[in-house]
K.L.:
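My structure is below; once you've seen it, I'll send some questions.
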Amino acid sequence: MGVVFRALNVVKRFGPTVALDGVSVEFGSGLNLLLGPNGSGKSTLLKLWCGLIRPARGRAEVFGLDPWARRVDVMRRVSAFFEDVPAPWWLSGEEFLRVVDKIITEKVRSGRIVVVATHILTGVERLAKGFAILHNGRVVARYPGEAVEVPTVVECSSRDASRIVEEAQKLNPSKIVVSQSAIYIHTTSTQQASSLVERFGCVAYPDIATMYSEVVKV
């Protein structure tokens with residue numbers, strides 16, 4: 001499937017506050033993440049895609065439609081909820097996150113397109129097909145679309161841990177983390193990641209947590 005959610009040079013102001021400042025983002029299949037600190041513009045972009053507000057400049061599109069002009073048509077195909085929906089009183093915070101992660105995983109694996117706006121990474125980000133990091137209303141990193149290499153996590157089974165760690169160390173990765181269930185090798189080299197995947201049947205995915213932690217230091 002091609003692009004479903006698109007923002008093209010979107011500007012949105014609330015009085016003197018610029019919530020989105022020339023934001024361009026495209027999301028298609030699978031799980032997509034909008035990341036950024038509080039006040040970075042994440043919820044504003046979601047509300048544009050739901051047709052709840054309209055941009056001051058630029059264009060928001062969902063399935064090629066203008067959500068403000070075609071809200072009914074868009075919302076027949078899109079479901080959304082925002083942070084003001086409270087968690088059930090009988091769930092702890094940790095339990096609530098586990099349920100949200102389970103629902104997201106099920107939706108993604110059933111072929112649905114999911115966009116999550118958050119500043120908390122719980123592990124479900126390893127399923128992400130695309131992401132954008134917002135800071136002060138601007139896109140500071142996105143995938144796909146960046147010209148630079150994206151940091152990668154290579155996750156391997158711990159069944160042959162000593163051999164995998166030994167081979168991984170030869171590639172000079174940025175970090176190796178060994179747990180009881182898996183080995184996590186952090187690298188900035190696509191070639192390194194591909195080598196480990198091919199040799200040991202590992203799984204590679206963008207290291208979104210590392211990228212995000214670098215951005216929020218700004």
K.L.:
Who else is in the cluster with I120 when I, L, V, M, F, W and Y are joined by side-chain contacts under 4.5 Å?
P.N.:
none
K.L.:
Could you check if a side-chain atom of L134 sits within less than 4.5 angstrom of a side-chain atom of V139, using non-hydrogen atoms only?
P.N.:
yes
K.L.:
Please walk me through it: do D101 and R98 pass salt bridge (Lys or Arg N to Asp or Glu O under 4.0 Å)?
P.N.:
CA-CA 5 Å; D101 280 1; R98 287 179 179 175; over 6 Å; no
K.L.:
Starting at OH of Y205, measure out to NZ of K129 and round the result to the nearest 0.5 Å.
P.N.:
13.5 Å
K.L.:
Can you confirm whether L35 sits close enough to H119 that some side-chain heavy atom of one is under 4.5 Å from a side-chain heavy atom of the other?
P.N.:
no
K.L.:
Taking K42 for its side chain and G36 for its backbone only, find out whether a donor-acceptor pair lies under 3.5 Å.
P.N.:
yes
K.L.:
Which pair of non-hydrogen atoms, one from Y212 and one from P37, has the smallest distance, and what is that distance?
P.N.:
OH-N, 3.4 Å
K.L.:
Taking atom CZ of R71 as the centre, report whether more than 12 heavy atoms of other residues, nucleotides or ligands fall under 6.0 Å from it.
P.N.:
yes
K.L.:
Membership question, hydrophobic clusters at under 4.5 Å side-chain separation (ILVMFWY): are V153 and I164 in the same one?
P.N.:
no
K.L.:
Are V78 and I113 linked, directly or through other ILVMFWY residues, by side chains that come within less than 4.5 angstrom of each other?
P.N.:
yes
K.L.:
Are N136 and S40 side-chain neighbours, meaning at least one heavy-atom pair lies under 4.5 Å?
P.N.:
no
K.L.:
Which is it for V25 and R6 under the side chain to side chain contact (heavy atoms under 4.5 Å, CB included) test, yes or no, and what are the steps along the way?
P.N.:
CA-CA 6 Å; V25 175; R6 176 182 279 124; over 6 Å; no
K.L.:
Do the side chains of E167 and R163 get close enough for a salt bridge, i.e. N-O under 4.0 angstrom?
P.N.:
no
K.L.:
For the residue pair K47 and F82, establish whether any side-chain heavy-atom pair is separated by less than 4.5 Å.
P.N.:
yes
K.L.:
Just by distance, do the side chain of S158 and the backbone of I183 share a donor-acceptor pair under 3.5 Å?
P.N.:
no
K.L.:
Is L196 close to L171 at the side-chain level, that is, under 4.5 Å between some pair of heavy atoms?
P.N.:
yes
K.L.:
Transitively linked via ILVMFWY side-chain contacts under 4.5 Å: V11 with L45?
P.N.:
no
K.L.:
Which atoms form the tightest heavy-atom contact between P173 and Q192, and what is the distance?
P.N.:
CA-OE1, 4.1 Å
K.L.:
Applying disulfide (SG to SG under 2.5 Å), name anything that partners C202, two or more places apart in sequence or on another chain.
P.N.:
C156
K.L.:
I need the minimum non-hydrogen distance between A60 and V10, along with the two atoms involved.
P.N.:
N-CG2, 4.3 Å
K.L.:
Does a donor on one side chain and an acceptor on the other come within less than 3.5 Å for Q191 and S194?
P.N.:
no
K.L.:
D21 side chain to A19 main-chain N or O, any donor-acceptor pair under 3.5 Å?
P.N.:
no
K.L.:
According to the interplanar angle, ranging from 0 to 90°, do the rings of F63 and F5 count as parallel (below 30°), tilted (30 to 60°) or perpendicular (above 60°)?
P.N.:
tilted
K.L.:
Shared ILVMFWY cluster between Y143 and V114, side chains joined below 4.5 angstrom?
P.N.:
yes
K.L.:
Determine the minimum heavy-atom distance between F27 and G130, stating which atoms define it.
P.N.:
CE2-C, 4.1 Å
K.L.:
Looking only at atom types and distance, does a side-chain atom of E106 sit under 3.5 Å from a main-chain N or O of I104, one as donor and one as acceptor?
P.N.:
no
K.L.:
If you draw a 6.0 Å radius around CZ in R59, do more than 12 non-hydrogen atoms from other residues or ligands fall strictly inside?
P.N.:
yes
K.L.:
Are V154 and M211 linked, directly or through intermediate hydrophobic residues, by side-chain heavy-atom contacts shorter than 4.5 Å (ILVMFWY only)?
P.N.:
no
K.L.:
Using every non-hydrogen atom in the two residues, find where K12 and T44 come nearest and quote the distance to one decimal.
P.N.:
CG-CG2, 3.8 Å
K.L.:
Would a distance-only check, ignoring hydrogens and angles, find a side-chain to backbone donor-acceptor pair under 3.5 Å from T152 to A193?
P.N.:
no
K.L.:
Could you check V178 against I176 for side chain to side chain contact (heavy atoms under 4.5 Å, CB included), going step by step and ending with a plain yes or no?
P.N.:
CA-CA 7 Å; V178 180; I176 298 176; 4.2 Å; yes
K.L.:
Could you go through V115 and L46, starting from their C-alpha distance and side-chain angles, then the distance that decides it, and tell me whether this counts as side chain to side chain contact (heavy atoms under 4.5 Å, CB included)?
P.N.:
CA-CA 9 Å; V115 178; L46 288 185; 3.9 Å; yes
K.L.:
Is the shortest heavy-atom distance from the side chain of L33 to the side chain of E125 under 4.5 Å?
P.N.:
yes
K.L.:
Considering all heavy atoms of both residues, which atom of V124 and which atom of L31 are nearest to each other, and what is their separation?
P.N.:
O-CD2, 3.4 Å
K.L.:
Thinking salt bridges, do R142 and E26 make one under a 4.0 Å N-O criterion?
P.N.:
no
K.L.:
Under the 3.5 angstrom rule, does the side chain of W68 hit a backbone N or O of C50 as a donor-acceptor pair?
P.N.:
no
